[in-house]
Amino acid sequence: METNDKHSDEWLDWLEDADTAGDIGRPADEKELERLRQAVHDCNGVFARRLHAAPDTDRAWEDFRRRTDGRHRRRRNGFLVWGGWTGMAACLAVLLWVFFTRPQTDGQAVLMFTAVHDERGVTLSADNGTVWELDKPQAAEALEEQGIRTDGRVADYREVERVEMQTLTVPRGKDFHLVLADGTEVWVNAESCLHYPSRFTGGERRVRVEGEAYFRVARDERHPFVVETTQFSTRVLGTEFNLQAYTDAPSHVTLVRGSVVVQDPDGREEVNLQPGQEFTLKPDGSSELHNVDPYARTQWKEGYFYFDHASLEEILRGLGRWYNVDIEVNADPELLDFHLHYVADRRGTLEEALKRLNGLQRLTAVLEGNRIVLR
């Protein structure tokens with residue numbers, strides 16, 4: 001078995017290298033190359049399931065039922081609390097979050113996620129008000145004049161000379177890859193924004209994220225890289241990490257390699273992360289630091305939904321954000337707290353994703369028009 005795994009890894013490494021090394025080692029037939037790329041994605045999915053076997057769902061279901069008998073919710077308290085975020089403001093935040101984001105237990109169907117109606121694709125906007133739709137050919141031509149090279153999927157700033165603030169906006173159902181002026185790579189997930197300068201100046205390289213992004217930061221010890229959100233900032237020198245900061249859910253910083261420091265907005269509290277650790281900030285202002293396998297948090301940039309022991313609510317929001325659909329809960333709301341292991345291909349259809357979800361045989365999710373109904 002070890003020999004087979006070694007051969008599989010070597011073959012995957014060759015194909016991925018061939019995809020970025022020009023024509024050396026590439027099949028002459030582009031259709032054949034595309035077929036091999038597809039094989040890589042399929043193999044990645046298989047290996048992911050081998051590395052992270054599905055849990056015993058029967059036992060998990062019984063544990064879940066015992067925990068929720070009588071509809072009594074029990075929640076863990078985080079062991080880290082931001083000094084200035086307790087008290088009345090924290091209580092108000094909790095109340096608002098519960099009221100607006102969690103279904104009520106009144107027996108009525110509740111809309112927990114709402115589709116948006118915006119037909120624009122990925123857009124890039126400048127401080128002067130100019131907006132480019134990056135899937136349009138005229139956008140590539142206009143940006144080329146500024147030194148920004150783009151093909152509608154990737155934008156490269158390494159040849160840019162002019163300095164200005166720009167905003168990349170990625171809608172639901174899309175993701176996008178940026179190469180910043182310093183060589184830092186950023187993958188921006190669906191329903192997310194990245195604010196950044198076309199070139200970095202001064203003593204820091206500072207950007208701001210709303211939503212989710214994966215960073216592969218170019219090392220520069222003299223110029224730290226700082227990622228801001230509305231709730232905290234993450235400071236690094238050169239590293240890889242995933243940051244998730246959607247407004248409707250807890251925020252996470254997951255470190256893949258290197259080291260990062262997470263700070264509150266005032267810089268009075270900070271947490272140091274090591275590879276394989278995740279910092280979580282909850283809506284009530286409490287926080288946790290725990291060990292994780294970063295694989296589950298980073299597979300979205302490889303084209304997969306990958307949830308490992310995630311709540312059904314988190315999984316459904318991920319599907320809603322990617323496929324841009326309404327999600328209605330017409331069942332016991334406690335079901336949303338049930339934790340699952342779920343893997344699906346983001347390039348597939350919503351029907352295929354729901355088929356995998358229903359295959360767990362613990363719930364029924366049906367598609368009615370542009371709405372997922374949980375029964």
Side-chain angles (χ1 to χ4, degrees), residues 41-42 44-45 48-49 52 54-55 57 60 64 97 100-103 109-119 121-122 170-176 187-192 210-214 242 244-252 254 295-375:
H41 282 287
D42 293 341
N44 278 337
R49 287 185 285 275
H52 303 275
T57 54
F64 167 75
W97 181 74
F100 286 109
T101 67
R102 298 308 307 270
V110 174
L111 195 64
M112 63 161 282
F113 195 89
T114 306
V116 297
H117 303 287
D118 187 352
E119 297 181 357
V122 179
V170 181
R172 292 182 180 179
K174 303 283 186 180
D175 52 33
F176 199 82
W187 287 262
V188 184
N189 205 354
E191 197 173 24
S192 301
E210 299 167 19
E212 183 170 19
Y214 182 92
N242 193 77
Q244 187 181 93
Y246 289 109
T247 58
D248 58 359
S251 298
H252 307 277
T254 310
Y295 193 91
R297 286 288 184 201
T298 60
Q299 282 306 289
W300 64 265
K301 76 181 185 68
E302 306 298 337
Y304 290 95
F305 295 108
Y306 195 102
F307 295 93
D308 189 28
H309 193 64
S311 69
L312 178 59
E313 179 176 6
E314 182 179 354
I315 295 171
L316 288 173
R317 287 188 182 279
L319 295 177
R321 191 171 288 120
W322 185 251
Y323 293 106
N324 191 27
V325 292
D326 295 328
I327 301 178
E328 177 183 300
V329 178
N330 195 7
D332 182 354
E334 298 286 352
L335 186 63
L336 296 176
D337 281 336
F338 185 51
H339 284 63
L340 305 168
H341 180 96
Y342 176 76
V343 180
D345 193 331
R346 298 213 310 180
R347 298 164 301 170
T349 65
L350 176 56
E351 289 83 356
E352 292 169 338
L354 291 181
K355 182 178 180 180
R356 285 186 174 275
L357 191 59
N358 287 324
L360 299 175
Q361 299 181 347
R362 300 305 181 193
L363 55 98
T364 301
V366 298
L367 185 60
E368 298 181 355
N370 195 49
R371 175 172 296 193
I372 297 173
V373 179
L374 184 66
R375 295 173 177 167

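What's counted below: heavy atoms across the whole structure, side chains too, no hydrogens, waters or symmetry copies.
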Kindly write out the residues that satisfy salt bridge (charged side-chain N to carboxylate O under 4.0 Å, His left out) with E210, not counting sequence neighbours, or none if the list is empty. R208
Taking CD in E368 as the centre, count heavy atoms belonging to other residues, nucleotides or ligands within less than 6.0 Å. Is the count above 12? yes
Of all the heavy-atom pairs spanning [X] and [Y], show the shortest one and how long it is.
X	Y	value
D345	G303	OD1-O, 3.2 Å
L319	A353	CD2-CB, 4.0 Å
W322	D175	CH2-OD2, 3.9 Å
L336	S311	O-CB, 3.5 Å
N358	L363	OD1-O, 3.5 Å
G173	A190	N-CB, 3.8 Å

Distance, nearest 0.5 Å, that separates [atom1] of [X] from [atom2] of [Y]:
X	Y	atom1	atom2	result
F176	K301	CZ	NZ	15.5 Å
L354	L374	CG	CG	10.0 Å
L111	R371	CG	CZ	5.0 Å
E328	I372	CD	CD1	11.5 Å
I315	H339	CD1	NE2	9.0 Å
R172	E191	CZ	CD	4.0 Å

Does the side chain to side chain contact (heavy atoms under 4.5 Å, CB included) test come out yes or no for L312 and L335, once each step is laid out? CA-CA 7 Å; L312 178 59; L335 186 63; 3.9 Å; yes
Establish, for the pair R317 and Y246, whether the NZ or CZ atom is under 6.0 angstrom from the six-membered ring centre and no further than 45 degrees off its axis. no
Decide yes or no for N242 and E212: does some side-chain heavy atom of the first lie under 4.5 Å from some side-chain heavy atom of the second? yes
Full working for side chain to side chain contact (heavy atoms under 4.5 Å, CB included) between R297 and F307: CA-CA 8 Å; R297 286 288 184 201; F307 295 93; over 6 Å; no
Exam field: side chain N324 to backbone A115, donor-acceptor pair closer than 3.5 Å: no
Decide yes or no on side chain to side chain contact (heavy atoms under 4.5 Å, CB included) for K355 and E352, but give the supporting numbers first. CA-CA 5 Å; K355 182 178 180 180; E352 292 169 338; 5.5 Å; no
Go through the steps for L316 and L357 under the test side chain to side chain contact (heavy atoms under 4.5 Å, CB included), then give the verdict. CA-CA 10 Å; L316 288 173; L357 191 59; 4.1 Å; yes
What residues form a side-chain hydrogen bond (donor to acceptor under 3.5 Å, both in side chains) with Y342, not counting sequence neighbours? none
Ring-plane angle category for Y323 and F305, please: parallel below 30°, perpendicular beyond 60°, tilted otherwise. tilted
Sorted by chain and number, sequence neighbours left out, ring-ring contact (aromatic ring centres under 6.0 Å, His included) with W187 holds for H177, Y214
